[in-house]
Amino acid sequence: MRFVVTPWEVKGEVDYERLIKEFGVEKIDDKILKLFKKYAGELHPYLKRRLFFSHRDLDWLFREYEKGNKFYLYTGRGPSSYTHIGHLVPWIFTKWLQEKFKAKLLFQITDDEKFLFKRELSLEDVKKFAYDNILDIIALGFDRKRTEIFLNTEYSKTLYPLAIKVAKKITFSTAKAVFGFKNDSNIGEIFFTSMQSVPAFLESVRAGKNIPCLIPYAIDQDAHFRVCRDVLPKLGYYKPASIHSKFIPGLGKGGKMSASEPDTAIFVTDAPIEVERKILKAFTGGRDTLKEQKRLGGKPKICTVFAYYSLFETDDKKVQELEKKCKCGEIFCKECKRILIDIINKFLKKHQEKREKAKSKVEKFIVKD
Ligand code: TRP
């Protein structure tokens, strides 16, 4: 089946090798991992496991870093739903980058985008999701002194004059070719990508000199940043470097975790019993009968339970052991599900506590104008 990867739609079984070629990004290879290890002191499990699988200009970024030209981080969230655990994964990695490189982070909340692109959502809806999502972002432990979070609609005095500079360099035919707009697309949609470009050079504007920027994102966002990289040099700024993650699967068969399929998504506020119910129903790589499972072993590669296990269990040895046991038919799905339920519930218990505490910190993280 043909797959689709755009900022608005991810469908089918994604062939990442092919995406690398089609999008013109570079694979994260041993050379890049060595650089990470050199400068960060260690490798995050998501790098080792190639969840982050491709990049642009990381070699340049590290060369600048070596020269003492430090970079800042930029990432974002489109607030179209409450947060599920798939959303947390790139943010967890961004937090690690911030910690290791003592980098400033701009976190853009695109409430404008979700209002424009989602017919069913009002401005009140996206704002409600935005402020709820921000609790999860803060709960992950970003450094308050190095992090700024903003909603596009509440930071528009700063963003808008810069967005129109970007917009002036993008023709309608480029926007159509890259994003597939049609005659019935609303005109806000067509303008939106210029808002997503701004944080990639905002720190340079503020500093009055060019500062390298690194953007971690799930690869579906690539179209925005291809355009951004074309435009920024025309305005006198660096092209941003970037690092891209694969999609986090849902608990059903195929597809990424999606808030619109609540039974295959674990929300950060789910009670332990909900988590248990959803994971017990999850799609696994197990065989039809126990006998077959013993004889042939399971298929961790296609198993959603194993996928989540490897995202939330940071001990590499444990992950490798479970994979081996599964392949050899020494462990059954029910047991793995129990292990995962336990890990996720422990994680969520802590997260929910931190989420409560985050409520009093929101104003300290947010910038408005
Ligand atoms: N458009 C993104 C979304 O729908 C949100 C976003 C804005 C973003 N800026 C970003 C994501 C930078 C990653 C990096 O979720």
Side-chain angles (χ1 to χ4, degrees), residues 20 23-29 31-48 50-77 88-110 137 140-143 145-150 162 166 193 196-207 209-233 235-246:
I20 288 177
F23 290 176
V25 295
E26 311 219 11
K27 203 169 174 157
I28 297 215
D29 56 11
K31 209 181 85 210
I32 291 292
L33 290 186
K34 256 197 195 137
L35 289 170
F36 259 113
K37 194 148 188 203
K38 177 171 174 197
Y39 295 110
E42 60 175 26
L43 285 181
H44 193 278
Y46 297 166
L47 280 172
K48 276 192 230 165
R50 302 291 204 276
L51 178 69
F52 281 82
F53 71 105
S54 70
H55 74 97
R56 280 199 180 96
D57 285 348
L58 272 179
D59 15 25
W60 166 77
L61 192 84
F62 284 127
R63 272 202 307 278
E64 291 298 313
Y65 190 76
E66 174 79 48
K67 287 192 254 171
N69 198 7
K70 282 184 65 173
F71 60 87
Y72 74 100
L73 293 159
Y74 156 40
T75 195
R77 156 77 182 150
L88 299 180
V89 166
W91 306 346
I92 290 170
F93 183 65
T94 304
K95 143 111 203 311
W96 179 83
L97 287 171
Q98 175 176 65
E99 208 173 283
K100 293 297 165 190
F101 294 96
K102 308 256 179 302
K104 179 158 184 184
L105 165 66
L106 299 185
F107 209 122
Q108 178 180 49
I109 312 284
T110 54
I137 294 165
L140 292 179
F142 288 102
D143 179 346
K145 294 200 189 74
R146 293 196 171 99
T147 306
E148 289 179 19
I149 305 174
F150 50 85
L162 300 172
V166 176
T193 193
Q196 188 151 326
S197 274
V198 173
F201 64 105
L202 182 55
E203 278 299 290
S204 299
V205 174
R206 286 169 170 172
K209 63 170 188 185
N210 277 341
I211 302 180
C213 173
L214 171 62
I215 317 176
Y217 58 84
I219 192 68
D220 61 330
Q221 295 297 309
D222 198 60
H224 288 297
F225 297 114
R226 288 199 295 274
V227 174
C228 174
R229 283 169 56 89
D230 270 353
V231 171
L232 263 49
L235 300 175
Y237 301 104
Y238 291 145
K239 291 181 180 188
S242 54
I243 182 161
H244 322 127
S245 77
K246 297 179 181 170

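Residue indices begin at 1 and follow the sequence shown.
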Take Phe201 and Val166 through the test side chain to side chain contact (heavy atoms under 4.5 Å, CB included) and record every step on the way to the result. CA-CA 11 Å; Phe201 64 105; Val166 176; 3.8 Å; yes

Show your reasoning for whether side chain to side chain contact (heavy atoms under 4.5 Å, CB included) applies to Ile243 and Ile28. CA-CA 9 Å; Ile243 182 161; Ile28 297 215; 3.6 Å; yes

Return the minimal non-hydrogen interatomic distance between Phe71 and Cys213, and the atom names on each side. CB-N, 4.4 Å

Under 6.0 Å from the NZ atom of Lys70, do we count more than 12 heavy atoms belonging to anything else shown? yes

Is the count of non-hydrogen atoms from other residues, nucleotides or ligands lying under 6.0 Å from Lys48 atom NZ greater than 12? yes

Check: Tyr72 side chain, Ala200 main-chain N or O, donor-acceptor pair, under 3.5 Å: yes

Is a salt bridge present between Glu66 and Arg63, judged by a nitrogen-to-oxygen distance below 4.0 Å? no

Evaluate the side chain to side chain contact (heavy atoms under 4.5 Å, CB included) criterion for residues Val231 and Ser197: first the C-alpha distance (whole Å), next the side-chain angles of each, then the deciding distance (0.1 Å), finally the verdict. CA-CA 9 Å; Val231 171; Ser197 274; 5.9 Å; no

Drop me the distance from Lys102's NZ to Lys100's NZ, to the nearest 0.5 angstrom. 8.0 Å

Could you measure the distance from the CD atom of Gln108 to the CZ atom of Arg77? Nearest 0.5 Å is fine. 13.0 Å

Evaluate Ser242 against Phe225 for side chain to side chain contact (heavy atoms under 4.5 Å, CB included), listing each step before the verdict. CA-CA 9 Å; Ser242 54; Phe225 297 114; 5.7 Å; no

All pairs passing salt bridge (Lys or Arg N to Asp or Glu O under 4.0 Å) where residues 212-224 contributes a residue, at least two apart: Arg56-Asp222, Asp220-Lys256, Asp222-Arg226

Counterpart residues, side-chain hydrogen bond (donor to acceptor under 3.5 Å, both in side chains), relative to Ser204 (two or more places apart): none

A side-chain contact here means heavy atoms from C-beta on lying under 4.5 Å apart; do Leu47 and Glu42 qualify? no

Are Trp91 and Phe142, when compared by the centres of their aromatic rings, separated by less than 6.0 Å? no

Note: Ala103 and Arg146 closest approach over all heavy atoms is O-CD, 3.6 Å

Contact summary for Pro90 and Phe52, nearest pair of heavy atoms: CA-CZ, 4.1 Å

Can you find a pair of side-chain heavy atoms, one from Val89 and one from Ser245, that are under 4.5 Å apart? no

Which of Phe101, Phe36, Trp96 passes ring-ring contact (aromatic ring centres under 6.0 Å, His included) with His44? It is Trp96

Mind checking whether Phe150 and Pro199 have side chains closer than 4.5 Å, heavy atoms only? yes

Once you round to the nearest 0.5 Å, how far does NE2 of His224 lie from OG1 of Thr110? 8.0 Å

For residues Leu51 and Phe93, determine if any side-chain heavy atom of one lies less than 4.5 Å from a side-chain heavy atom of the other. no

Tightest non-hydrogen contact, residues Leu35 and Phe62, listed as CB-CD1, 3.6 Å

For Pro240, does its backbone N or O pair with a side-chain atom of Arg229 as donor and acceptor, under 3.5 Å? yes

side-chain contact (heavy atoms from CB on, under 4.5 Å), paired with Ile20, selected from Glu26, His244, Lys27: Lys27

Check Lys95 against Gly141 and note the closest heavy-atom contact, atom names and distance. CE-O, 3.2 Å

Validation row: Thr147, Ile137 side chains within 4.5 angstrom (heavy atoms): no

Any chance you could measure Leu58, atom CG, to Leu214, atom CG, to the nearest 0.5 Å? 6.0 Å

Nearest atoms (heavy-atom pairs only) where Glu203 meets Ile211: O-CD1, 3.8 Å

If I take atom NZ from residue Lys67 and atom CD from residue Glu64, how far apart are they, to the nearest 0.5 angstrom? 4.0 Å

OH/Tyr238 to CG/Leu232 distance, rounded to the nearest 0.5 angstrom? 12.5 Å

Side-chain donor/acceptor of Asn210 to backbone N/O of Gly236, under 3.5 Å: yes

